[in-house]
Enquirer: 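Below you'll find the structure I mean.
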Amino acid sequence: MTALEKPVTRTAYQQSVADYWNAEKDPVNLRLGDVDGLYHHHYGLGDYDPAVLETPADRRDEAIIAEMHRLETAQADVLLDHLGPIKPEDRLLDAGCGRGGTSVMAHLRFGCQVDGISISEQQVGFANAHVRQRGIDGSVRYHLKNMLDTGFESGTFQGIWNNESTMYVDLNELFAEHARQLKPGGRYVTITGCYNDVTGGRSRAVSQIDQHYICNIHARGDYFKAMAANGFVPINVVDLTAATIPYWELREKSSVATGVEKPFLTAYREGSFHYLLIAADRV
């Protein structure tokens, strides 16, 4: 490392997050991605087909896995629907890209260049190998970068999104960096879990989710405060809580359940936790 180079992780906490995802090989991410080669690191939306639970025992788990993957791909489609009109000459940023599934979907939909960033070297390597196999590595690239200080030039991107990754960073720092990177009039979209600040602080179930993923779930209102402070005007806010509950109910019945399903379902059903989509323009 030269004197001019900066480490990707700046704090002990960021390094612990990188270590967590570098070591992660959870079947709930890998087996679902094996269905069609789109590897996601987020949850699902929509009702599941109850017929999968009636599948003969020797094929039931495979059917459940495929249905869960359909729901998580549907979630990514909902996020991309809110980016607005994107042209092939535009450039998009997937901040906290995981193994890159949403980035690939964005390129296939819009035909434009997509950059994904993660502080996990394992995720970046996996994602780049995958797009090379697809033959789209000239258009979709993944970088070992910190989303709070990416090094990309200002005004580079027409659209930026975070898909379930904002809970690892300070929101004011994040939206300041996104505002710098977006073109004027560019669009930002996030889908995230946030705790309900109307009912008070984090509930026990929300705290259990934090502990499981070593994250720091933010209050719902903190998103809007940080966006306003950094020149973002929300144009769509969609409560997806009811639409994600079926995914968790199905996941609880699957072989890839991790034990965090009960806290999610408890938090959603009691109203202490919301699954929210926010789309905002940079002004």
Side-chain angles (χ1 to χ4, degrees), residues 21 24-83 86 88 92-118 120 122-142 159 161-165 189 191 240 243-258 261 275 277:
W21 290 111
E24 181 270 336
K25 293 182 174 60
D26 200 324
V28 78
N29 295 318
L30 294 171
R31 282 195 61 197
L32 272 64
D34 287 343
V35 170
D36 62 3
L38 286 173
Y39 291 87
H40 298 301
H41 278 267
H42 57 255
Y43 311 129
L45 286 178
D47 292 327
Y48 66 83
D49 182 354
V52 299
L53 299 177
E54 306 302 322
T55 304
D58 60 332
R59 293 185 286 109
R60 186 177 306 140
D61 190 58
E62 181 182 357
I64 291 173
I65 294 294
E67 185 68 355
M68 288 172 60
H69 183 62
R70 183 184 70 81
L71 298 181
E72 65 176 1
T73 298
Q75 188 263 28
D77 273 324
V78 168
L79 186 153
L80 296 176
D81 288 344
H82 285 80
L83 281 174
I86 302 296
L92 301 174
L93 176 63
D94 183 351
C97 60
R99 289 185 173 93
T102 309
S103 299
V104 172
M105 289 176 62
H107 169 69
L108 295 177
R109 178 189 288 212
F110 302 118
C112 63
Q113 181 176 335
V114 184
D115 293 277
I117 57 173
S118 173
S120 166
Q122 183 271 135
Q123 289 182 340
V124 170
F126 183 102
N128 277 323
H130 179 64
V131 292
R132 283 195 297 271
Q133 292 172 356
R134 282 182 174 262
I136 58 173
D137 50 309
S139 299
V140 184
R141 302 183 183 94
Y142 301 96
W161 69 85
N162 287 96
N163 198 352
E164 296 182 13
S165 55
V189 182
I191 294 181
L240 300 171
T244 197
I245 287 176
Y247 163 86
W248 288 99
E249 292 173 336
L250 183 61
R251 176 167 155 166
E252 194 173 37
K253 298 176 174 67
S254 76
S255 65
V256 296
T258 63
E261 292 78 17
Y275 197 51
L277 179 147

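Quantities reported herein were computed from a predicted structural model and do not represent experimental measurements. Nothing fancy with the numbering, it's 1 onward along the sequence.
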Enquirer: By the salt bridge (Lys or Arg N to Asp or Glu O under 4.0 Å) test, which pairs, at least two apart or in different chains, include something from residues 61-82?
Expert: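 Listed once each, the pairs are R31-D61, E67-R70, D77-R109, D81-R109.
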Enquirer: Where do L53 and Y48 land on the side-chain contact (heavy atoms from CB on, under 4.5 Å) test, with the steps shown first?
Expert: CA-CA 10 Å; L53 299 177; Y48 66 83; 3.9 Å; yes
Enquirer: Run R134 and L108 through side-chain contact (heavy atoms from CB on, under 4.5 Å) and show every step you take.
Expert: CA-CA 11 Å; R134 282 182 174 262; L108 295 177; 4.1 Å; yes
Enquirer: Drop me the distance from Q133's CD to N128's CG, to the nearest 0.5 angstrom.
Expert: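 Nearest 0.5 Å value for the CD-CG distance: 11.5 Å.
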Enquirer: Between CZ of F126 and CG of L30, what distance do you get to the nearest 0.5 Å?
Expert: 6.0 Å
Enquirer: Provide the closest heavy-atom pair for G98 versus H41 in the form atom of the first, atom of the second, distance.
Expert: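 So the minimum-distance heavy-atom pair works out to CA-CD2, 3.7 Å.
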Enquirer: Side chains of V189 and L277, heavy atoms from C-beta outward: is any pair under 4.5 Å?
Expert: yes
Enquirer: When rounded to the nearest 0.5 angstrom, what distance separates CG in N163 from CD1 in I191?
Expert: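 If I round to the nearest 0.5 Å, the distance is 5.5 Å.
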Enquirer: From D47 CG over to E249 CD, what is the distance, rounded to the nearest 0.5 angstrom?
Expert: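 Interatomic distance, D47 CG to E249 CD, rounded to 0.5 Å: 9.0 Å.
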Enquirer: Which heavy-atom pair separates G46 from L71 by the least distance, and what is that distance?
Expert: O-CD2, 3.7 Å
Enquirer: Return each pair, listed once, that meets ring pair (Phe, Tyr, Trp, His ring centres under 6.0 Å) where at least one residue sits in residues 50-76; pairs must be two or more places apart or across chains.
Expert: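 Non-adjacent pairs meeting ring pair (Phe, Tyr, Trp, His ring centres under 6.0 Å): H40-H69.
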Enquirer: Compute whether any side-chain donor of one residue and acceptor of the other, for D115 and Y142, lie under 3.5 angstrom apart.
Expert: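 Side-chain D/A pair, D115 to Y142: absent.
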Enquirer: Heavy atoms only: give me the nearest E261-R251 pair and the separation to one decimal.
Expert: OE2-NE, 2.8 Å
Enquirer: Please lay out, stage by stage, how E164 and Q75 fare under the test side-chain contact (heavy atoms from CB on, under 4.5 Å).
Expert: CA-CA 11 Å; E164 296 182 13; Q75 188 263 28; 3.6 Å; yes
Enquirer: Checking side-chain polar atoms at under 3.5 Å, does R141 have a donor or acceptor matched by the opposite partner on S103?
Expert: no
Enquirer: I'd like to know if the side chain of S118 and the backbone of G96 have a donor-acceptor N/O pair within less than 3.5 Å.
Expert: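 Answer holds: no.
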Enquirer: If the condition is side-chain contact (heavy atoms from CB on, under 4.5 Å), which residues does A106 pass it with, not counting sequence neighbours?
Expert: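 A106 satisfies side-chain contact (heavy atoms from CB on, under 4.5 Å) with L80, L92, F110, V114, W161 only.
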Enquirer: Does a side-chain heavy-atom distance below 4.5 Å link H42 with T102?
Expert: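 Yes, close enough: below the 4.5 Å cut-off.
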Enquirer: For Y39 and H130, take the angle between the two ring planes, folded into 0 to 90°, and tell me which bin it lands in: parallel under 30, tilted 30 to 60, perpendicular over 60.
Expert: perpendicular
Enquirer: If I compare all heavy atoms of L38 with all of D36, which pair ends up nearest, and what's the gap?
Expert: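 The answer is N-OD1, 3.1 Å.
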Enquirer: Assess the residue pair T73 and V35 against the criterion (side-chain contact (heavy atoms from CB on, under 4.5 Å)); give the C-alpha distance rounded to whole Å, side-chain angles, the decisive distance to 0.1 Å, and a yes or no.
Expert: CA-CA 11 Å; T73 298; V35 170; over 6 Å; no
Enquirer: Is any side-chain heavy atom of Y43 less than 4.5 Å from a side-chain heavy atom of L240?
Expert: no
Enquirer: Rounded to the nearest 0.5 Å, what separates atom OG in S255 from atom CZ in R60?
Expert: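 Separation between the atoms: 12.0 Å.
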Enquirer: Nearest 0.5 Å please: distance from the OG1 atom of T258 over to the CD atom of E252.
Expert: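 Reported value, rounded in 0.5 Å steps: 10.5 Å.
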Enquirer: For I86 and L83, work out which heavy atoms get closest and say how close.
Expert: CD1-O, 3.9 Å
Enquirer: Indicate the atoms forming the closest heavy-atom contact of S165 with N162, along with that distance.
Expert: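 Reported closest heavy-atom pair: OG-ND2, 2.9 Å.
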